[in-house]
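Quick caveat: nothing in here was measured; it's all calculated off a predicted structure.
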Amino acid sequence: MVDALGVAVVGFGWMGRVHTQAYARVPHHYPHLGLRPRLVTVAEEVPGRADEAARQFGFASATRDWREVAADPRVRAVSITAPNFLHREIGVAMAEAGKHIWIEKPVGLTADDARAVADAVAEAGVQGAVGFNYRNAPAVESARELIAAGEIGTVTHVRIRLFSDYAAHPDSALTWRYERERGGSGVLGDLASHGADLARFLLGDIASLTADTAIFVPERARPTGATAGHTLAAGGELGPVENEDYVSCLLRFASGARGVLEACRVSVGEQNNYGFEVHGTRGAVSWDFRRMNELAVSRGTTYQDQPVSTVYVGPGQGEFGAFQPGAANAMGYDDLKVIEAYRFLRSIAEGTPHGTTLADAVRSAVVLDAMARSAKTGSWVNLPVS
């Protein structure tokens with residue numbers, strides 16, 4: 001017997017849309033899951049946006065006040081896709097109301113915000129999932145298994161990159177994303193949060209780091225109306241960009257491995273250039289999000305001039321088989337969010353976590369706070385190791 005689970009989405013920009021579509025697709029890819037999400041309500045403060053979402057996607061109701069979602073007995077699980085500065089307040093309130101939460105990273109503006117949400121989830125006994133979608137790629141999971149099995153020897157160093165141009169245009173609107181009070185640490189929260197999670201997912205705890213940050217587009221035009229995504233606002237009153245466009249970070253892992261993490265939101269000529277290269281004493285493995293279903297792998301005993309092979313993931317790796325019947329058939333970004341939704345719903349159905357948790361969000365946020373502190377002081381920062 002399949003149970004219906006009332007779900008809500010709070011915040012209906014692009015990411016709210018992605019979560020909604022993921023809920024709709026879960027039954028198609030995972031027909032044996034014992035829960036079926038039912039779209040109960042959507043909350044969005046921009047006038048008319050929630051009503052439009054309800055008409056388009058079939059939510060039973062719509063509201064401009066997320067507090068109505070917390071009080072709605074029909075809702076058992078909530079996607080929180082509102083701006084960063086609202087994550088702590090909404091996340092804590094939903095958990096205290098007994099709702100399971102699927103919340104987008106970076107879960108607030110600081111590690112303290114992430115801890116507050118994690119503590120509320122633990123105290124309420126509900127499930128919590130976090131939007132670190134890139135670790136859900138079957139190729140990334142395969143790389144982690146390959147590394148753990150010692151197929152490239154002992155890991156010596158890693159490079160993680162997250163370059164994009166979504167903020168490169170000088171006429172990009174000065175939205176909440178560029179304000180310290182509402183957007184937090186800029187590209188650290190936007191992109192480097194994924195990098196910190198991937199670093200831990202692949203190689204384990206980070207023991208210490210040192211970082212440098214920069215703002216390359218110091219002013220942007222204030223928007224005259226509601227915005228969604230990365231819109232332009234030429235001609236508006238200029239205001240200061242308060243948080244980081246760029247970060248570079250040197251990492252020391254508890255294992256002894258070294259790493260470089262670099263992220264930028266104003267990289268002209270780069271569109272979603274996200275990936276990693278991991279090197280070991282006997283080989284290497286690398287992944288590029290733009291070729292999401294491939295790994296470049298070098299392994300053997302040749303060492304010098306050792307060749308690199310392209311490996312295509314297939315149905316036996318990660319959740320690939322829920323989407324495609326054979327290797328080298330493409331999966332895309334939205335599929336990663338379907339996997340995330342499935343693991344969230346499975347966690348609810350089984351009462352035990354599957355996939356990313358609020359603990360992962362806290363660990364990533366601790367790394368981000370350390371980056372910001374290091375950039376300010378110019379020093380190495382030690383991190384707690386589990």
message = Using modelled atom types and a 3.5 Å cut-off, is there a donor and acceptor pairing between side-chain atoms of His100 and backbone atoms of Ala77?
response = no
task = Kindly state each residue pair satisfying salt bridge (Lys or Arg N to Asp or Glu O under 4.0 Å) with at least one member in residues 20-30, sequence neighbours excluded.
result = Arg25-Asp335
key: Stepwise side-chain hydrogen bond (donor to acceptor under 3.5 Å, both in side chains) check, Thr63 with Glu68   = CA-CA 7 Å; Thr63 178; Glu68 293 183 9; 2.8 Å; yes
task = May I ask you to decide if the ring planes of His157 and His279 are parallel, tilted or perpendicular, using 30° and 60° as cut-offs?
result = parallel
inquiry  = Could you tell me if the side chain of Arg346 sits less than 4.5 Å from the side chain of Leu33, heavy atoms only?
reply    = yes
query = Does the pair Glu270/Arg265 count as a salt bridge with the N-to-O cut at 4.0 Å?
reply = no
message = Other residues, nucleotides and ligands only: do more than 12 of their heavy atoms fall within 6.0 Å of CZ on Arg74?
response = yes
inquiry  = Please list all pairs meeting salt bridge (Lys or Arg N to Asp or Glu O under 4.0 Å) that have one or both residues in residues 300-314, counting only residues at least two apart or in different chains.
reply    = none
Test log, rule side-chain hydrogen bond (donor to acceptor under 3.5 Å, both in side chains), inputs Thr81 and Ser79 = CA-CA 6 Å; Thr81 55; Ser79 279; over 6 Å; no
message = Glu242: which residues meet the side-chain hydrogen bond (donor to acceptor under 3.5 Å, both in side chains) condition with it, sequence neighbours left out?
response = none
message = Determine whether a donor-acceptor pair (N or O, by modelled atom type, separation under 3.5 Å) exists between the side chain of Trp287 and the backbone of Met292.
response = yes
Whether Thr110 side chain and Asp113 backbone form a donor-acceptor pair below 3.5 Å = yes
ask   = Can a salt bridge be assigned to the pair Arg220 and Asp171 using a cut-off of 4.0 Å between side-chain N and carboxylate O?
value = no
query = Between the side chain of Gln306 and the main-chain N/O of Thr302, is any donor-acceptor distance below 3.5 Å?
reply = yes
ask   = Ignoring hydrogens and geometry, is there a side-chain-to-backbone donor-acceptor pair from Arg258 to Gly256 under 3.5 Å?
value = yes
Distance, nearest 0.5 Å, that separates CZ of Arg76 from CG of Asp3 = 7.0 Å
key: Spacing of Leu203 atom CG and Leu198 atom CG [to the nearest 0.5 Å]   = 10.0 Å
inquiry  = Centroid separation under 6.0 Å, is that true for the rings of Tyr312 and Phe320?
reply    = no
inquiry  = To the closest 0.5 Å, what do you measure between CG (Asp190) and OH (Tyr178)?
reply    = 8.0 Å
task = Can you measure from OG1 (Thr20) to CZ (Phe57) and round to the nearest 0.5 angstrom?
result = 6.0 Å
ask   = Any Lys/Arg nitrogen of Arg115 or Asp112 sitting under 4.0 Å from an Asp/Glu carboxylate oxygen of the other?
value = yes
inquiry  = Tell me if a side-chain donor or acceptor on Ser286 pairs with a main-chain N or O of Phe276 at a distance below 3.5 Å.
reply    = no
ask   = Any sub-3.5 Å donor-acceptor pair from Asp65's side-chain atoms to Arg67's backbone N or O?
value = yes
message = When you compare the side chains of Asn273 and Arg161, does any donor N or O come within less than 3.5 Å of an acceptor on the partner?
response = yes
query = So with a 6.0 Å cut-off around CD of Glu123, is the heavy-atom count from everything else above 12?
reply = no
inquiry  = Tell me every residue that passes ring pair (Phe, Tyr, Trp, His ring centres under 6.0 Å) with Phe323, counting only those two or more places apart in sequence or in another chain.
reply    = His29
inquiry  = Does any part of the side chain of Ile160, heavy atoms only, come nearer than 4.5 Å to the side chain of Tyr274, both counted from C-beta?
reply    = no
query = Can you list the other members of the hydrophobic cluster that holds Phe216, where links are side-chain heavy atoms under 4.5 angstrom apart?
reply = Val217, Tyr246, Val266
Sidechain N-carboxylate O distance under 4.0 Å for Arg291, Glu294 = yes
ask   = What residue pairs, at least two apart or across chains, pass salt bridge (Lys or Arg N to Asp or Glu O under 4.0 Å) with a residue in residues 6-21?
value = none
key: Pairing residues for Ser347 by the side-chain contact (heavy atoms from CB on, under 4.5 Å) criterion, not counting sequence neighbours   = Gln127, His354
query = Which other residues end up in the same hydrophobic cluster as Val385, if Ile, Leu, Val, Met, Phe, Trp and Tyr are linked when side-chain heavy atoms come under 4.5 Å apart?
reply = none
note = Residues passing the side-chain hydrogen bond (donor to acceptor under 3.5 Å, both in side chains) test with Asp369, sequence neighbours excluded, are none
key: Check: Arg200 and Asp205 side chains under 4.5 Å, non-hydrogen atoms   = yes
key: Identified side chain to side chain contact (heavy atoms under 4.5 Å, CB included) counterpart of Met331 within the set Val338, Ile339, Val313   = Ile339
key: Test ring pair (Phe, Tyr, Trp, His ring centres under 6.0 Å) applied to Tyr30 and Tyr342, Phe344, Tyr23, the passing residue   = Tyr342
request  = For the pair Asp360 (side chain) and Thr357 (backbone), establish whether a donor and an acceptor sit closer than 3.5 Å, ignoring hydrogens and angles.
outcome  = yes
query = What's the spacing between Leu202 CG and Ile147 CD1 if we round to 0.5 Å?
reply = 5.0 Å
task = Please assess Met371 against Thr210 for the test side-chain contact (heavy atoms from CB on, under 4.5 Å), listing each intermediate value before the final yes or no.
result = CA-CA 7 Å; Met371 287 183 188; Thr210 186; over 6 Å; no
task = Might you point out which heavy atoms bring Ala211 and Val247 nearest each other, and give the distance in Å?
result = CB-CG2, 4.4 Å
ask   = Side chains of Asn136 and Arg343: is there a donor and an acceptor less than 3.5 Å apart?
value = yes
task = Please collect all side-chain hydrogen bond (donor to acceptor under 3.5 Å, both in side chains) contacts where either partner lies in residues 321-334, sequence neighbours excluded, each pair once.
result = none
ask   = Given Leu251 and Leu209, is the side-chain contact (heavy atoms from CB on, under 4.5 Å) satisfied, shown in steps?
value = CA-CA 5 Å; Leu251 307 170; Leu209 60 81; 4.0 Å; yes
task = Check side-chain hydrogen bond (donor to acceptor under 3.5 Å, both in side chains) between Ser142 and all other residues, then give those that pass, not counting sequence neighbours.
result = Gln317
ask   = Should Glu151 and Arg299 count as an ion pair when the cut-off is N to O under 4.0 Å?
value = yes
inquiry  = With rounding to the nearest 0.5 angstrom, report the OG to CZ distance, Ser164 to Phe289.
reply    = 10.0 Å
key: Full working for side-chain contact (heavy atoms from CB on, under 4.5 Å) between Ile101 and Val126   = CA-CA 8 Å; Ile101 64 171; Val126 296; 5.7 Å; no
Under the side-chain hydrogen bond (donor to acceptor under 3.5 Å, both in side chains) test, residues paired with Glu52 that sit two or more places apart = none
query = So, Ser364 and Ser193: side-chain donor and acceptor under 3.5 Å apart, yes or no?
reply = no
